[in-house]
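Numbered from 1 within each chain, the chains take letters A, B, ... in sequence-line order.
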Number of protein chains: 2
Amino acid sequence: MNELTDRQKIILSLVVHEHTRTAQPVASKTLINGYNLKISSATVRNEMNTLTEQGFLRQPHTSAGRVPTEEGYRFFVGNMVQHTALPSATRNTIAHQFYQSRKGLEYWLPLAASVLANQSQAVSIVTAPHSEKVTFKHLELIATRASQVLMVLVLVGGEIQQQILSLDAIHSQEQLSQIAAQINHICENASLEQIKNLPLTPDPLVNQVIAAVSDQLSIASKLVTGELYLDGLTNVLSEPEFSDYSPINSPLRFLEERPMLDDLIARTVLTEEIGGVQVLIGGENTWRELQNCSVILTRYGVPDQLSGALGILGPMRMPYSQTISTLRYVAELMSGLVSDNLVN
Amino acid sequence: MNELTDRQKIILSLVVHEHTRTAQPVASKTLINGYNLKISSATVRNEMNTLTEQGFLRQPHTSAGRVPTEEGYRFFVGNMVQHTALPSATRNTIAHQFYQSRKGLEYWLPLAASVLANQSQAVSIVTAPHSEKVTFKHLELIATRASQVLMVLVLVGGEIQQQILSLDAIHSQEQLSQIAAQINHICENASLEQIKNLPLTPDPLVNQVIAAVSDQLSIASKLVTGELYLDGLTNVLSEPEFSDYSPINSPLRFLEERPMLDDLIARTVLTEEIGGVQVLIGGENTWRELQNCSVILTRYGVPDQLSGALGILGPMRMPYSQTISTLRYVAELMSGLVSDNLVN
DNA sequence: ATTAGCACTCTCGGGTTGAGAGTGCTAATT
DNA sequence: AATTAGCACTCTCAACCCGAGAGTGCTAAT
């Protein structure tokens with residue numbers, strides 16, 4: 001594939017720009033009118049023709065304007081989106097919302113989702129941060145009714161797991177606390193493997209609890225993404241391209257199928273270092289539900305310790321530059337918050 | 001308002017039934033064909049006429065069949081839905097899914113949402129159980145970096161709250177554990193009021209932690225509904241009445257506005273005893289977003305201790321009898337699970 | 001290489017039409 | 001007095017046509 005001339009690049013980017021604005025096919029004339037180019041519409045038409053032949057533009061029908069193809073968007077995003085900074089007013093608005101929120105991940109996560117959805121007028125995707133390698137931090141056993149015990153397990157990073165254990169006999173809270181202390185001593189900062197390979201202790205009760213801990217850690221280690229927060233679902237539905245709603249290939253279907261979404265996040269974000277941004281255009285021939293959509297994903301958190309994903313799903317014709325900047329900024333904020341509150 | 005004759009009731013219920021099936025206006029002829037009535041279509045037309053005058057039926061246009069009005073549905077649900085049991089096959093399917101799920105509320109809640117959405121082919125609404133009066137159960141302090149401490153607070157009922165505290169100085173885990181033990185002793189089974197009114201202790205650190213506990217409890221006590229789980233969003237969008245999607249009064253908009261949804265749940269479910277089922281038809285002139293929808297809500301859990309809401313939001317023409325039975329059954333199951341795992 | 005000019009194509013909205021569905025009414029029937 | 005057959009009437013809906021308008025591709029001139 002030969003390169004594009006500068007003029008072709010300009011025209012491509014103008015078509016993209018105009019089409020994201022209007023959602024309509026772009027005519028040669030509207031370009032020279034709206035952007036006072038120094039060339040005639042006929043020339044633009046010629047260039048558009050070659051762009052169409054190269055697969056970057058597409059005509060909905062013989063005598064309509066041009067629309068960018070997936071390829072076209074891909075080229076645009078790959079070669080022509082310059083890294084612009086977010087206007088400081090927007091930055092302040094966003095920062096302010098975090099500032100006056102309650103403190104704690106459980107508040108920041110939905111807030112991030114809401115901010116992203118509002119700013120981008122698209123669907124936002126936020127996963128709770130999760131650490132790749134799970135490590136024991138602290139254990140607590142709490143007596144409840146009869147022989148049932150609530151086990152609370154804190155991982156390095158700050159994730160908390162809970163489970164109800166049924167013991168063979170009734171134990172007092174003092175006894176339980178003592179067992180917990182013992183296990184905390186044994187398991188301090190131990191990895192899943194280390195705990196799995198611990199020798200049995202003389203006390204069968206301790207063994208039972210350690211087995212439960214090991215189970216919980218094992219579950220946690222299999223998790224790719226933490227809890228999921230979505231927001232702005234209605235935004236995307238009000239877009240004209242989804243007005244003839246067909247449930248078959250609706251982005252909403254995609255979002256409700258957790259396995260698909262997990263797969264997407266696992267395949268893209270988690271292979272990326274923090275700070276990088278991935279753009280998926282039109283489902284990349286893999287996800288049919290995302291035909292007219294693009295997904296922008298990034299990772300936030302503390303490298304190697306605790307990280308999650310932030311993303312935006314919107315129509316393919318979205319203001320990429322702006323959306324990417326927004327995502328970057330929110331990721332930065334969230335990374336700061338996570339690292340300030342790291343439990344290790 | 002005078003009463004309906006038996007025949008009018010039958011016709012109303014047939015219209016409702018047929019319309020839920022087809023989503024089309026129901027003609028007099030289709031009724032006598034489909035349900036082999038012993039009367040003629042003309043008689044049916046006459047009855048339909050009076051039902052229309054009474055406000056139970058409606059004609060989309062002069063010469064179309066009839067459609068039930070909100071009033072019609074309300075009468076139908078109030079007077080004519082008999083309490084049928086769920087087919088045992090369905091019960092088994094549902095029970096089986098819970099049986100082979102992982103144990104723990106964090107798995108049961110999304111599972112309940114998924115089961116309800118699938119069974120009803122509508123949107124399901126599930127809130128985590130929450131207790132009306134918050135009571136201290138157990139506290140744990142865990143050293144992290146520098147002077148930051150992770151506070152884990154367990155409430156009676158089993159809810160867990162976490163918060164990062166910044167202390168004035170660095171303390172060892174032993175010191176922290178000792179402080180926690182002290183506070184556990186002071187606060188055992190204390191209510192929010194009791195903790196608020198505790199006298200200050202000589203140790204300022206203990207006072208700081210107790211203040212934080214009091215804060216957390218106070219936040220928890222203001223919560224009406226716990227975490228929210230939704231599923232089946234796409235189901236409702238595939239319904240024909242929402243095919244001309246208008247974002248203004250879409251049920252999705254309603255679901256995304258947490259305050260509205262909380263309000264709805266607070267106003268209806270929480271005033272209901274466990275086991276009761278509430279049916280809201282057409283937004284009841286309060287929620288405009290729910291114009292063509294009905295919401296069925298119930299409560300599950302352990303009375304006075306830990307309860308949450310289960311609900312289904314679907315088009316107004318939904319199979320009420322079946323949906324109500326399903327909801328009841330899932331609520332029963334969930335109540336059992338919650339009560340088996342109660343922390344008190 | 002660019003552009004003016006023009007013929008050509010395709011969409012889109014509006015108007016028309018005819019078939020079909022379903023009603024309401026009236027007069028006959030039970 | 002209640003029911004029903006029969007029929008005229010109304011309204012929707014899909015199909016079709018048509019003309020205006022938009023936008024292109026091509027050709028010939030610059």
Side-chain angles (χ1 to χ4, degrees), chain A residues 2-12 14-16 18-19 21-69 72 240-241 243-244, chain B residues 2-12 14-16 18-19 21-69 72 240-241 243-244:
Chain A
N2 45 12
E3 266 311 309
L4 296 185
T5 67
D6 279 355
R7 194 167 67 184
Q8 286 168 339
K9 287 189 192 170
I10 291 175
I11 289 177
L12 175 56
L14 290 183
V15 170
V16 168
E18 190 65 13
H19 184 251
R21 231 173 44 80
T22 62
Q24 295 292 326
V26 181
S28 54
K29 220 173 170 184
T30 54
L31 280 195
I32 54 165
N33 283 347
Y35 300 87
N36 65 327
L37 302 182
K38 296 205 191 67
I39 51 182
S40 80
S41 65
T43 312
V44 174
R45 279 202 291 281
N46 282 332
E47 296 289 36
M48 281 177 158
N49 214 334
T50 67
L51 283 170
T52 307
E53 277 162 14
Q54 308 215 36
F56 293 120
L57 294 180
R58 181 173 62 84
Q59 272 184 302
H61 54 85
T62 327
S63 113
R66 298 301 209 288
V67 168
T69 60
E241 42 268 78
S243 63
D244 59 334
Chain B
N2 45 13
E3 267 313 309
L4 297 185
T5 67
D6 280 354
R7 194 167 67 183
Q8 285 167 341
K9 287 189 191 171
I10 291 174
I11 289 178
L12 175 56
L14 290 182
V15 171
V16 167
E18 191 65 14
H19 184 250
R21 230 172 46 81
T22 62
Q24 296 291 326
V26 181
S28 53
K29 218 171 169 184
T30 54
L31 281 195
I32 53 165
N33 283 347
Y35 301 86
N36 65 328
L37 301 182
K38 296 205 191 68
I39 52 181
S40 80
S41 65
T43 313
V44 174
R45 278 203 291 283
N46 282 331
E47 296 289 37
M48 280 176 158
N49 214 336
T50 66
L51 283 169
T52 306
E53 277 163 13
Q54 309 215 36
F56 294 119
L57 295 180
R58 181 172 62 84
Q59 271 182 303
H61 54 85
T62 325
S63 113
R66 299 302 208 289
V67 168
T69 60
E241 41 267 78
S243 62
D244 59 336

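Partners of B:Thr30 according to the side-chain hydrogen bond (donor to acceptor under 3.5 Å, both in side chains) rule, which considers only residues two or more places apart in sequence or in another chain, do not exist here. Annotation: side-chain hydrogen bond (donor to acceptor under 3.5 Å, both in side chains) contacts of B:Ser63 (sequence neighbours excluded): none.
Residues B:Leu14 and B:Val26 form no side-chain contact, since every pair of their non-hydrogen atoms from C-beta on lies 4.5 Å or further apart. A 4.5 Å side-chain heavy-atom check between B:Val16 and B:Leu12 finds at least one atom pair inside the cut-off.
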(request) Using a 3.5 Å limit on both pairing distances, list the dot-bracket string of DNA chain D from the 5' end; Watson-Crick and G-U wobble pairs count, crossing pairs take [ ], interstrand pairs take |. (result) ||||||||||||||||||||||||||||||

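Minimum interatomic distance between A:Val67 and A:Pro25 (heavy atoms only, all atoms of both residues): CG2-CA, 3.7 Å.
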(request) Using a 4.0 Å cut-off on protein heavy atoms (strictly under), produce a 5'-to-3' string for nucleotides 18-30 of chain D with B for base contact, S for backbone-only sugar-phosphate contact, and - for none. (result) ----BBBB-----

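Contacts between residues 34-41 of chain A and DNA chain C, counted as heavy-atom distances below 4.0 Å, involve A:Lys38, A:Ile39, A:Ser40.
One can place NE2 of A:His61 at 15 Å from P of C:dT9, the figure rounded to the nearest angstrom.
Between atom CD of residue A:Glu53 and atom CG of residue A:Leu51 there is a gap of 9.5 Å, rounded to the nearest 0.5 Å. Here CD1 of B:Ile39 is found 4.5 Å from CD1 of B:Ile11. Values are rounded to the nearest 0.5 Å. Annotation: the span from A:Asn49 atom CG to A:Glu47 atom CD amounts to 10.0 Å, rounded to 0.5 Å. Separating the CD atom in A:Gln8 from the CG atom in A:Asp6 is a distance of 9.5 Å, to the nearest 0.5 Å.
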All N/O donor-acceptor pairs, side-chain side in residues 55-62 of chain A, below 3.5 Å, sequence neighbours left out:
from: A:Gln59; atom 1: NE2; to: A:Thr62; atom 2: O; distance (Å): 2.9
from: A:Gln59; atom 1: NE2; to: A:Ala64; atom 2: O; distance (Å): 3.3

